[in-house]
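Counting from 1, the numbers follow the sequence of the chain as shown.
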Amino acid sequence: MTLALLDSLVKNHSVHYEDIMDKFSEWLLYNEYTATGDVFDVGNATARAIMNYGRGIDPLLCGGPSQYDNGNGSLMRILPAVFYIHTQYELSFGSQMELIHNLSSLTHRHPISLIGCGIYSAVALELLTAKTSLSACIQQGINQAFSYYEKLEWLELSEYARLKNIASFAALEENAIESTGYIVHTLEAALWCLLNTASYASCVLKAVNLGDDTDTTAAVVGGLAGIYYGASSIPQQWLDTLQKSDYMPSSYGEDETFSNHRGNLMKFLANRKLATRISILTTIITFTGLLLLWLIVSSRVADMVENNITNQMIDAVESRAAIINDYVASAEEYMTAFALGSEVLELLEHPDDAALLRRAQQYTEDFAAVKGIFEGLYIATPTTHVLTHTSEQAIGITTRSGDSLEEFQNTILAQPQLTNLGIMKSPGTGNMILSMYYPLFDNEKCIGYVGPAFMPAVSWIRCSI
C-alpha cells in the first residue's frame, strides 16, 4: 500500500483520493504492488475500507470511525505523503495535518489513528531538515503535533501521553514497550527503537526483536531511520536479498526532491484477462493434439497413451483440490473480516439498540452482496437468537434450545476462535454448503457469534475454472 500511495502521488503530482483507492483495490484484489505476487495479512479495517469504496462510498468516508478501527494500517503506509508535503512549501502545518488525516481516513478514520499518523509525519518532517540531534528532532516534531491537537481539544491525544517527554520515554525498559497492531503501540515502539539505537541496521533489528507485529514496526521505524541516517546506511546484504527491487528506482540522490521521483515504477503483473485467454487456448490445443494422436497412433502405444491420460487426470484432480483449499482459506478470511467489523461488535454489546440493529443489518446485507459467495450470513446472540440475517424471514428466530443449545455453547461458543464444520447439506435449501461459526468475546464472556454459510464449493469451482 505504501507503493500504491507513492505510485499515485508520483504519477499525478498531487493527491487524488479516488486514484489512491483504485490502486489500493488493485493491490487487494489483483495482487498489484506485491513482492511475491500474493496479498497476505490484510487488516480487517483496511479490507472493509476497500470494500466500502467498491460499494461507491466517498473515499474519505471509507475508513472505519470506530475505536475498533485503530490498527496500524494507515500508519505503515503514510510516509510517501510526508515526502510530498515536504515539497509543498506553501502549506501551513495545519494544512499538512489535514492532508495526512485525509490519507489516513481512506482506511482508518478514528481520531486515534489520525493523531498517530499526524505525530509520525511531524517527526518525519523534522528529520528531513535535521538541523539538530536525533532526539531534538523527534521532540520538536512531537511538540508541534501536540500543540496542534491540544488547540483542537482532541481528547484522544491522551493515548499518546507517554511520548510528550522524549527523555523519560526513551529511558523506559524494553518490557514497558508493546509492539502490537494497535497504532499507539506501533508508534511508541518505533520511536523507542529510534531513540535507543545509533544506526539504521541496529534500529530495524531492535524493532524486529521486540516481537508481535514485527514487520510493521520495523517498516514504520525503518522509514524514519532511513531519513535520518540516509540510504547509504542500509546494509548492502539487505539490499541484495530484497525481492523485486526493480519496483523502485535504482537510485535517488539524497538531495533530489519528490517531484523528480517518477517514471521508474514498473508494470507489476501481466494482464489477467490475457492470461485467461492463453490458458483456455492452451487447453484447446492440448485436447486437439491428444485427439489427433489417438487417431493416428497404433495399438503398440496404447499403454503410453493410457498413462498419459491417467497423469492428466491426476493433475486435474490435484488442481481442483488446490482450488478447494484456496476456497476454504478465502472463506475463512471473509468470515473473520465480517466478524471483526465494528458494526458486529457494537450490536452484540447493545443488542436492544434499534439504531445499531439497523446499521448491523445493512452491514450484513452489504458484506454478503459484495462477496457474492454467501448462501446466508447472520449475527446472533449466545442463545442463538438471530439479530441480523441476509434472509428477512430468519431475523428474530432462535435456532437452538435445551440440550442442543447447551452443547453448542459448551463447544463452538466456548473459545474465541473460528470453527469450520466443513461441507454439509443446508437444512434450508438442500444445497451443499461450507458452514462456519465465529464467536466474539468481551474479555472472557461470549457476547454472540456470526454464522455464515458459503455457497456450494462445487458451484464456486465451476465459476473459477
Atom [atom1] in [X], atom [atom2] in [Y]: separation rounded to 0.5 Å?
X	Y	atom1	atom2	answer
H108	C62	NE2	SG	12.5 Å
S113	L75	OG	CG	8.5 Å
I115	Y148	CD1	OH	10.0 Å
N102	Y17	CG	OH	3.5 Å
L195	I138	CG	CD1	4.0 Å
M21	S8	CE	OG	11.5 Å

Any donor and acceptor pair, going by atom type alone, linking the side chain of [X] with main-chain N or O of [Y] inside 3.5 Å?
X	Y	value
T129	K131	no
H389	V386	no
D7	L3	no
T186	T180	yes
Q139	I166	yes
S121	G118	no
N12	S14	no
T241	Q237	yes
D442	K445	no
W238	A201	no

Is K164 salt-bridged to E150, cutoff N-O under 4.0 Å? yes

Do K11 and D19 sit within salt-bridge range, that is, some charged N less than 4.0 Å from a carboxylate O? no

Contacts of type side chain to side chain contact (heavy atoms under 4.5 Å, CB included), residue A124, not counting sequence neighbours: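 Residues passing side chain to side chain contact (heavy atoms under 4.5 Å, CB included) with A124: L79, V82, L224, I227.
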
Partners of D213 by side chain to side chain contact (heavy atoms under 4.5 Å, CB included), sequence neighbours excluded?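 Counting only residues at least two positions away or on another chain, D213 forms a side chain to side chain contact (heavy atoms under 4.5 Å, CB included) with N72, D215, T216.
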
What heavy-atom pair brings [X] and [Y] nearest, and what distance separates the two atoms?
X	Y	result
N410	A414	O-CB, 3.4 Å
S104	R77	O-NH2, 3.6 Å
Y437	I412	CB-CG2, 3.6 Å
L28	A47	CD2-CA, 4.4 Å
L347	A360	CD2-CB, 3.4 Å
L187	G116	CD2-O, 3.7 Å

So do [Y] and [X] actually touch side chain to side chain, heavy atoms under 4.5 Å?
X	Y	answer
L127	L134	yes
P416	L440	no
R109	L61	yes
I50	E26	no
T364	Y378	no
V15	L9	yes
T2	Y33	no
Y160	E188	no

As a quick check of understanding, evaluate side chain to side chain contact (heavy atoms under 4.5 Å, CB included) for F24 and I20, giving each step before the final call. CA-CA 6 Å; F24 286 172; I20 294 170; 3.5 Å; yes

side-chain hydrogen bond (donor to acceptor under 3.5 Å, both in side chains): which pairs involve residues 200-212, sequence neighbours left out? S199-S202

Tell me, yes or no, whether the heavy-atom count around [X] atom [atom1], taken from other residues, nucleotides or ligands under 6.0 Å, exceeds 12.
X	atom1	value
Q236	CD	yes
E444	CD	no
E349	CD	yes

Of the options D22, D58, T107, which is the one that meets Y53 in a side-chain hydrogen bond (donor to acceptor under 3.5 Å, both in side chains)?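 Considering D22, D58, T107, a side-chain hydrogen bond (donor to acceptor under 3.5 Å, both in side chains) with Y53 is found only for D22.
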
Residue pair L103, L5: steps toward the side chain to side chain contact (heavy atoms under 4.5 Å, CB included) verdict: CA-CA 9 Å; L103 289 169; L5 175 57; 4.2 Å; yes

Chi angles and distances behind the side chain to side chain contact (heavy atoms under 4.5 Å, CB included) call for L194, C203: CA-CA 6 Å; L194 190 60; C203 178; 4.0 Å; yes

Go through it in stages, so that I can follow the logic: the residues are E126 and Y228, the test is side chain to side chain donor-acceptor pair (under 3.5 Å), and I'd like the CA-CA distance, side-chain angles, deciding distance and then a yes or no. CA-CA 10 Å; E126 285 297 320; Y228 186 75; over 6 Å; no

Would you kindly say whether [X] and [Y] are connected by a side-chain donor-acceptor distance under 3.5 Å?
X	Y	value
Q140	Q144	no
S179	H185	no
H110	N70	yes
T381	T383	yes
D366	Q362	yes

Out of F338, F408, F441, which residue meets the ring pair (Phe, Tyr, Trp, His ring centres under 6.0 Å) rule with Y449?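 Going through F338, F408, F441 one by one, the ring pair (Phe, Tyr, Trp, His ring centres under 6.0 Å) with Y449 is satisfied by F408 alone.
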
For side chain to side chain donor-acceptor pair (under 3.5 Å), just list the numbers for S168 and R162, CA-CA rounded to whole Å, side-chain angles, deciding distance to a tenth of an Å, and then say yes or no. CA-CA 8 Å; S168 60; R162 294 206 304 179; over 6 Å; no

Ring centres under 6.0 Å, that's the criterion: do Y149 and W154 meet it?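 Centroid distance Y149-W154: below 6.0 Å, so yes.
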
Going through the distances and angles, do K23 and E18 end up as a salt bridge (charged side-chain N to carboxylate O under 4.0 Å, His left out)? CA-CA 9 Å; K23 286 176 169 52; E18 291 82 2; over 6 Å; no

Do Q96 and L125 pass the side chain to side chain contact (heavy atoms under 4.5 Å, CB included) test, and can you show the C-alpha distance, the side-chain angles, and the key distance before you say yes or no? CA-CA 10 Å; Q96 293 174 348; L125 286 167; 3.6 Å; yes

